[in-house]
Amino acid sequence: MTPTSFESIPIVSLSDLAGDDRQRGALAERLCTICHEIGFVVVTDHGIDASLIDDVFELMQRFFALDDDHKRLIDKLASPHFRGWEAVGSEFTNNRVDVREQIDLWTEWPAVDDATDGPTHLRLLGPNQWMPDDVLPGQRDLTLRWMRDLGDLADRILELLAIGLGLEPNHFADLFGEQPMSLTKMIHYPPTPAGGAGVNAHHDTGFLTLLQPGPTAGLQVLNPRDEWIDVPTVPGAFVVNLGEMLQAMTGNYFVATAHRVITTTERLSAAYFHGPSLDTELTPIELPGRFTDAVAASERHRRAGFMASSEQTDAGVGDMASELSASTYGEQLWNYFCRSYPANVAAHYPD
Ligand SMILES: O=C(O)CCC(=O)C(=O)O
Ligand SMILES: [Fe+2]
C-alpha cells in the first residue's frame, strides 16, 4: 500500500551494488519502492572518487570567481547547441526567473550540418565550449572524467531499477540507443533574495539525475501534502532523483517530484542528468501487473503530471499538471529549451 506522503528523504548505501544477486535484488527493490513513493534518495558508498568531487568543486570555485568578461568566453548565448555559461537571470523555471549562474555541458557529438531541416532536437548535437587552458586549466579533462564516471554510476543505478521492475538488467541500456545525450550543470547560487528561488519549483525533465549538492543545504522537495522537505546534506553523498521521462516510461509508477533550491549562503552544486539517444521513444514499458495495479490504486500516481508550457499555464493548466506532449526524448528537450531558454532559442532559431 502506497503511503500518501513522506516527511524525509531516505539515505541508502549502494555498497550492495557489488554484492551477490540476493543483495543486489534487495537493493533494487528498495530503490524502486523509493522511486515510487518519493522520487528522491540520498546515496552513499556510490564509488565516485572523493578526490574527483573535490576537484570538480575546486574547478567550480575557480570558474565562478572569474569576472564576467572571462566567463563570457564560453557565453551560452553564442552556442547554437545550448552549451556554455549563463549569467544569473538567464534561465526561467516554471515561468519564473532563477537566481543562479551555471555552465551547461552536454555529451559531445558532431553537429548536424542541416539541423534546421530535420527534427528540432538535432540542433542540440554539437561541441561544448571550453575555457582556454591559460584561464581555467584542466576544465575539459576533468569535466569529461566527471561525465564518464557519473554516466557509469547512472547506468548501474538504471540496471538496479530495471531489476526492481522485474525487467532484464540491461532493459534501459538497450532502450537508450547509440547516441546518449546527458547534461552536466555546474551551478553557483548566490544567497537567494527574499521571495525568490535559486531554482524555482520544477520536475527534472530527463530520466535520472545524480546531484552532488556539496556541503551547503538548500535543496527542498515538495511532498504530496505540499510541504517543503529539506534534503539532508550527507558529506560526499549524491542525491538521486527521477525525471519526467522515466515517470512516463514507467506509466507513472516512478514519480518525478517537484523540488527547488533556496539558500541563505552562497552555494555550489554539480548536477548530472543522464539521458539516452534523442530519438528514444517515451512509450510506457510493459510492466508486471503489481506495478500497474499500484498506479491504478493511487490517485496521486494516476494524476502525476508534467511541466506545463507558459501558454498552458496561462490557459489554466497547473504548473506541473500537463499531459506529456512529446513522444521522444529529443522533442521533450526541445520543449524544455523553449520553456527555459527563450533568448537562446530566439538568437539561433528565429523560426
Ligand atoms: O542545485 C541543486 O541542488 C539542484 C539543482 C536542480 O534541481 C536542477 O538543476 O534541476
Ligand atoms: Fe532539478
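Since we're looking at a predicted model, the values are computed, not measured.
At most 12 non-hydrogen atoms from other residues, nucleotides or ligands lie less than 6.0 angstrom from CD of E323. Open room surrounds CD on E29; 12 or fewer heavy atoms of other groups in view lie less than 6.0 Å from it. Residue R303 qualifies as open at atom CZ: its count of foreign heavy atoms under 6.0 Å is 12 or below.
With a 4.5 Å cut-off on side-chain heavy atoms, L210 and F273 do not count as touching. Within the 4.5 Å cutoff, side-chain heavy atoms of R267 are placed close to those of P213. W228 places a side-chain heavy atom less than 4.5 Å from the side chain of R260. Using a 4.5 Å heavy-atom cutoff, the side chains of T216 and T233 are not in contact. Side chains of L105 and L183 form no contact here, defined as non-hydrogen atoms less than 4.5 Å apart. Side-chain contact between P284 and T250 is absent, with no heavy atoms from C-beta onward closer than 4.5 Å. Two residues are said to be in side-chain contact when any heavy atoms from C-beta on lie closer than 4.5 Å; L175 and M249 meet this criterion. Between S269 and Y189, the closest side-chain pair of non-hydrogen atoms falls below 4.5 Å.
Listed here is the closest heavy atom pair of S13 and D45: OG-OD2, 2.6 Å. Taking both residues in full, the closest heavy atoms of L27 and L17 are given as CD2-N, 3.7 Å, listed atom of the first, atom of the second, then distance. For the residue pair S277 and E178, the shortest heavy atom distance occurs at OG-N, 3.1 Å. Taking each heavy atom of C35 and L161 in turn, the nearest pair found is SG-CD2, 3.9 Å. Taking both residues in full, the closest heavy atoms of P193 and V99 are given as CD-CG1, 3.8 Å, listed atom of the first, atom of the second, then distance. Minimum heavy-atom separation, F254 to H36: CD2-N, 4.1 Å.
Residues forming a ring-ring contact (aromatic ring centres under 6.0 Å, His included) with H202 (at least two apart in sequence, or on another chain): H259.
Here the side chain of T257 pairs a donor or acceptor atom with the backbone of I38 at under 3.5 angstrom. S182 places no side-chain N or O within 3.5 Å of a backbone atom of T107 that could act as its donor or acceptor partner. At least one donor-acceptor pair under 3.5 Å links the side chain of Y329 to the backbone N or O of M181. Looking only at distances, a side-chain donor or acceptor of D98 sits under 3.5 Å from a matching main-chain atom of N200. Checking side-chain atoms of D133 against main-chain N and O of G138 turns up a donor-acceptor pair under 3.5 Å. With hydrogens and angles disregarded, no donor-acceptor distance shorter than 3.5 Å links the side chain of S298 to the backbone of A294. A donor-acceptor distance shorter than 3.5 angstrom exists from the side chain of E244 to the backbone of M307, with no hydrogens or angles considered. With hydrogens and angles disregarded, no donor-acceptor distance shorter than 3.5 Å links the side chain of E86 to the backbone of I103. Using a distance-only test at 3.5 Å, with no hydrogens or angles considered, a donor-acceptor pair links the side chain of D75 to the main chain of L77. Between the side chain of N223 and the backbone N or O of F6 there is at least one donor-acceptor pair closer than 3.5 Å.
Between L144 atom CG and W130 atom CH2 the span is 4.5 Å, to the nearest 0.5 Å. Interatomic distance, L142 CG to M147 CE, rounded to the nearest 0.5 Å: 12.0 Å. Rounding to the nearest 0.5 Å places CD of E227 at 12.0 Å from CD of Q220. Rounding to the nearest 0.5 angstrom, the gap separating the CG atom in L167 from the CD1 atom in I285 is 6.0 Å. Taking CG of L136 as the start and CZ of R62 as the end, the distance is 5.0 Å to the nearest 0.5 Å. Between L333 atom CG and N335 atom CG the span is 9.0 Å, to the nearest 0.5 Å.
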Is there a salt bridge (Lys or Arg N to Asp or Glu O under 4.0 Å) between R140 and E108 once you walk through the steps?
CA-CA 12 Å; R140 187 169 189 280; E108 297 197 301; 3.7 Å; yes

Just do the side-chain hydrogen bond (donor to acceptor under 3.5 Å, both in side chains) check on E281 and S327 with the steps written out, would you?
CA-CA 6 Å; E281 306 266 345; S327 60; 5.1 Å; no

Walk me through whether F238 and L211 qualify under side chain to side chain contact (heavy atoms under 4.5 Å, CB included).
CA-CA 5 Å; F238 278 83; L211 170 81; 5.8 Å; no

Go through it in stages, so that I can follow the logic: the residues are I187 and L268, the test is side chain to side chain contact (heavy atoms under 4.5 Å, CB included), and I'd like the CA-CA distance, side-chain angles, deciding distance and then a yes or no.
CA-CA 6 Å; I187 314 171; L268 295 173; over 6 Å; no

Would you sort out whether Q212 and M186 count as a side chain to side chain contact (heavy atoms under 4.5 Å, CB included), showing the intermediate values?
CA-CA 10 Å; Q212 178 45 248; M186 298 193 173; over 6 Å; no

F40 and V240: side chain to side chain contact (heavy atoms under 4.5 Å, CB included), yes or no, with the steps?
CA-CA 6 Å; F40 261 84; V240 177; over 6 Å; no

Would you check, one step at a time, whether the test salt bridge (Lys or Arg N to Asp or Glu O under 4.0 Å) holds for D319 with R96?
CA-CA 11 Å; D319 288 342; R96 288 181 275 274; 3.4 Å; yes

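A salt bridge between R83 and D104 is absent, with no side-chain N of the basic residue lying under 4.0 Å from a carboxylate O of the acidic one. Salt bridge status for E37 with R300: absent, with no side-chain N to carboxylate O gap under 4.0 Å. A salt bridge between D49 and R145 is present, with a side-chain N of the basic residue lying under 4.0 Å from a carboxylate O of the acidic one. Salt-bridge check for D69 with R72: passed, with a basic side-chain N closer than 4.0 Å to an acidic carboxylate O.
D204 and T209 share a donor-acceptor pair across their side chains, judged by distance under 3.5 Å alone. No hydrogens or angles considered: a donor-acceptor pair under 3.5 Å links the side chains of E101 and W85. Under the 3.5 Å distance criterion, with hydrogens and angles disregarded, a donor-acceptor pair is assigned to the side chains of E266 and H188.
Test H171, E168, R24 against E159 for side-chain contact (heavy atoms from CB on, under 4.5 Å) and you get one pass: R24. A ring-ring contact (aromatic ring centres under 6.0 Å, His included) with Y349 is found for one member of W334, F337, Y341 and no other, namely W334.
For the pair K76 and F82, the NZ or CZ position fails the cation-pi test of under 6.0 Å to the six-membered ring centre and within 45 degrees of the ring normal.
I262 and V221 sit in two unconnected hydrophobic clusters of ILVMFWY residues. Membership requires side-chain heavy atoms under 4.5 Å apart, directly or through other members. Note on L160: it clusters hydrophobically with I11, by side-chain heavy-atom contacts below 4.5 Å among ILVMFWY residues. Criterion: ILVMFWY side-chain heavy atoms under 4.5 Å apart, direct or through other members. Under it, L222 and V239 are not part of a common hydrophobic cluster. Both L242 and L287 are members of a single hydrophobic cluster when ILVMFWY side chains are connected at heavy-atom separations under 4.5 Å. Follow the hydrophobic side-chain contacts under 4.5 Å out from M60 and you reach V135 in the same cluster.
The aromatic rings of Y272 and H274 sit tilted, their planes meeting at an angle between 30° and 60°.
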